[in-house]
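To start, the structure under review is shown below, and the notes come after it.
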Amino acid sequence: MTITDISHRRKFLAQGNVYLPHIVIIEKIIDETPGVRTFHFNFKDEKLREEFSFESGQFGEYSVLGIGEAPFCISSSPTRRDHLEFALQRVGKVTNALHRLGVGAEIGFRGPYGNGVPLDLLQGKNLVFVGGGIGLAPLRSLIWNVIDNRDKYENIDIIYGARSPSDLCFKYDLDAWNKDKAVNMVTTVDKGDENWTGKVGFVPQVLEQAAPSAQNAVAIVCGPPIMIRFTFPVLEKLGFTPEQMITTLEKRMKCGIGKCGRCNIGNLYVCRDGPVFSYAQIKGFISKEY
Amino acid sequence: MASSNKKISKRDTGKLLNEWSQEFAVFVPSRETGVATMAKWDGKDTSFLDWHRNTVIPPKANFLPAMEEMFNFQRDKEGYHIELPPQDKHKQLIFGIRPCDAKALAILDMTFSDSYQDPYYLSKRKNAVLVGVGCTKAYDSCFCTSLGISPAESTDVDLMLTDIGDEFLIEAITEAGKKLISRSRGLAEANEADETRAKASKEAAYQKVTRQLDTDNIKQRLLANLENKDYWEKIAAKCLSCGVCTFLCPTCYCFDINDELVKQQGARFRSWDSCAFPVYTEMPMENPRVEKWRRVRQRVYHKYEFYPMSFDVTACTGCGRCIRLCPVNWDITQALNNLPAKV
């Protein structure tokens, strides 16, 4: 199987000025962890609400007008379209401003950008999802997408970890997947607390213990860069080829459309050619820069 | 035998520019702001006709300004209202653009029209007429000829002018150029002697570019040195990360996007940015290019390795600005010519 061409460049037919944000309205806010929130949102414009479509893995540029703009993946599944979701950690100027907003607030949205996960290449495969921290956001869009089309895919393994029990995001999803008999779910934390009875250990180690088969499988990895870096060698040890590993990367993507320059890995722009890449695509290039 | 080309005396060129000013916003090389740049012509001063070489600020600034309003917005009871800034209706005519800088615009066109169209750049670009003037001298830092560019010839302009003494020979390169010539007054027919003088002028200009960049197998040589940290650390040691090389590079296009807000009114701007700055790639948890050598390497590779991979053209035109204007004499030709053959 080859997925090295998943970032083939497409011709986009964006209408009008691609930099102008659409106004979207925040409909619901969920506190995931002390620093992470999920926002449910919808377009203010009725027509866009109907027409907007996206793929799991794609991202948008969200802005608090007057403060600035930042990229986040769409964390909801395209199979569940009564609203859209994105999740973000409070770390900088824009994310802090977003965290100050309440239900009903208007924000700017541009997108969807990037290439999305190549679902056609995942069909009929065993899927191994490896996530860390808020890196579950793009994965959960894909996981729900897969679960909603369950007959198209084989086994589903999910290995998800966070620094501590309180840093686990999307706990309602974790619960649902734990209960789902068609999903093998492993949750781990780097460091437990007095109430934690689950696994303790870093995601790559737990992945090695879980040892999902590479046979007819694709691994989809997303998490902090350090986790991604240590996960690839483990997958290789388990027999996964670079073509069988997919990741979604994050960079400081300002424009989102391959113009502003800063998100490159070699000749690839994460915003334009990604954010979904196969390991085969990026392994040779500037090993320390992804 | 008359050639199909035209000519105009330098003395009358001001008249021609005045005529063009009826139709276009005419920009010419100017030092009015203290730095040589392409500025709106005042209708009088023609001293730039005696200039020999490119300006400090490249003409890319006429299409990708150092700072540009993208839109403005207001908030009221109904929510946000977003509006585009008023557009300048005048078409630009850039007089005196050099072949290196014209080629650079052709290179920028690729980025700004790839996949998504960049409306700010392209709307200015589509409406512009470029009138090139060949160089008659070169800086020590110029190396356009190593990149297949002649200092006095260009196919990236609409009209190309060659200094033939007291006159300019005028060649129409594009259809737009032909049309402009046909409706311009005061142009004389060029004769064979003019063509001969123009040829000699172009050849002389070519010979004046002496700096050489070794482009043989450059992509392979770079690829072989991608992880040669020792080399890039040595090369980057004296760099101050000031960003001048990128701001003044005619093919550098990186920009930042920022908002400003006063009361309920605000605007979004974009402004030149630079891979020389650590903050350029900074993310909350990580920065892939904290170390200076990675940033210096990025600039070199982007121009000579990555851009060619994407668009089949080197993102450097040998204009020499990054060498000439660097406060510590960092030299990209040296960095490339001295690439170790074996790592």
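Across all their heavy atoms, A:Gly261 and B:Cys254 have their closest contact at CA-SG, 3.6 Å. Closest approach of B:Thr281 and A:Arg252 over heavy atoms only: C-CD, 4.0 Å. The two atoms that bring B:Ile257 and A:Cys255 nearest to each other are CD1-CA, 4.1 Å, heavy atoms only. For A:Glu106 against B:Gly79, the heavy-atom pair with the smallest separation is OE1-CA, 3.3 Å.
Taking CG from A:Asn17 and CE from B:Met70, the interatomic distance works out to 7.0 Å, rounded to the nearest 0.5 Å. Put simply, CZ on B:Phe112 and CD1 on A:Ile257 are 9.5 Å apart, with the number rounded to the nearest 0.5 Å. Distance check, rounded to the nearest 0.5 Å: OG of B:Ser310 to CG of A:Asn264 gives 9.5 Å.
Counting heavy atoms of neighbouring residues, nucleotides and ligands inside a 6.0 Å radius, atom CD of B:Gln220 exceeds 12 of them. Environment of CG in B:Asp76: crowded, with over 12 heavy atoms of neighbouring residues, nucleotides or ligands closer than 6.0 Å. Surrounding CD of A:Glu61 are more than 12 heavy atoms belonging to other residues, nucleotides or ligands, all under 6.0 Å away. Residue A:Phe43 places its CZ atom among more than 12 non-hydrogen atoms of other residues, nucleotides or ligands, all under 6.0 Å distant. In the displayed structure, A:Arg163 atom CZ is contacted under 6.0 Å by at most 12 heavy atoms of other residues, nucleotides or ligands. Shown here is B:Arg75, whose CZ atom has no more than 12 heavy atoms of other residues, nucleotides or ligands within 6.0 Å.
Ion pairing between B:Asp114 and A:Arg272 holds under the 4.0 Å rule for side-chain N and carboxylate O.
Looking at A:Cys263, there are no atoms closer than 4.5 Å to chain B (heavy atoms on both sides), in backbone or side chain. Interface remark: B:Phe255 contributes backbone and side-chain atoms alike to the contact with chain A (heavy atom separation under 4.5 Å). With a threshold of 4.5 angstrom between heavy atoms, B:Tyr120 approaches chain A through side-chain atoms but not through N, CA, C or O. B:Arg270 touches chain A through its side chain: at least one heavy atom from C-beta onward sits under 4.5 Å away, while N, CA, C and O do not.
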*Going through the distances and angles, do B:Glu305 and A:Asn267 end up as a side chain to side chain contact (heavy atoms under 4.5 Å, CB included)?*
CA-CA 8 Å; B:Glu305 182 82 34; A:Asn267 69 314; over 6 Å; no
*Test side chain to side chain contact (heavy atoms under 4.5 Å, CB included) on A:Leu65 and B:Phe71 and set out the steps.*
CA-CA 11 Å; A:Leu65 290 165; B:Phe71 60 84; 4.0 Å; yes
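Put simply, the side chain of B:Tyr280 gets close to the backbone of A:Arg262: a donor and an acceptor are under 3.5 Å apart. When atom types are taken as modelled, the side chain of A:Lys251 and the backbone of B:Pro288 share no donor-acceptor pair closer than 3.5 angstrom.
A 4.5 Å side-chain heavy-atom check between A:Val18 and B:Gln117 finds every atom pair outside the cut-off. When side chains are defined from C-beta on, B:Met283 does not count as touching A:Pro225, because their heavy atoms never get closer than 4.5 Å. You'll find the side chain of A:Pro21 reaches within 4.5 Å of the side chain of B:Ile82, heavy atoms only.
The choice from A:Ser63, A:Pro224, A:Gly258, A:Gly108 that makes the most heavy-atom pairs within less than 4.5 Å of chain B is A:Ser63.
Under the 3.5 Å distance criterion, with hydrogens and angles disregarded, a donor-acceptor pair is assigned to the side chains of A:Tyr19 and B:Asp118.
Note on residues 243-262 of chain B: pairs passing side-chain hydrogen bond (donor to acceptor under 3.5 Å, both in side chains), not counting sequence neighbours, are A:Lys254-B:Asp256, A:Tyr269-B:Tyr253, B:Thr246-B:Ser274, B:Thr251-B:Lys303, B:Tyr253-B:His302, B:Asp256-B:Asn258, B:Asp259-B:Arg268.
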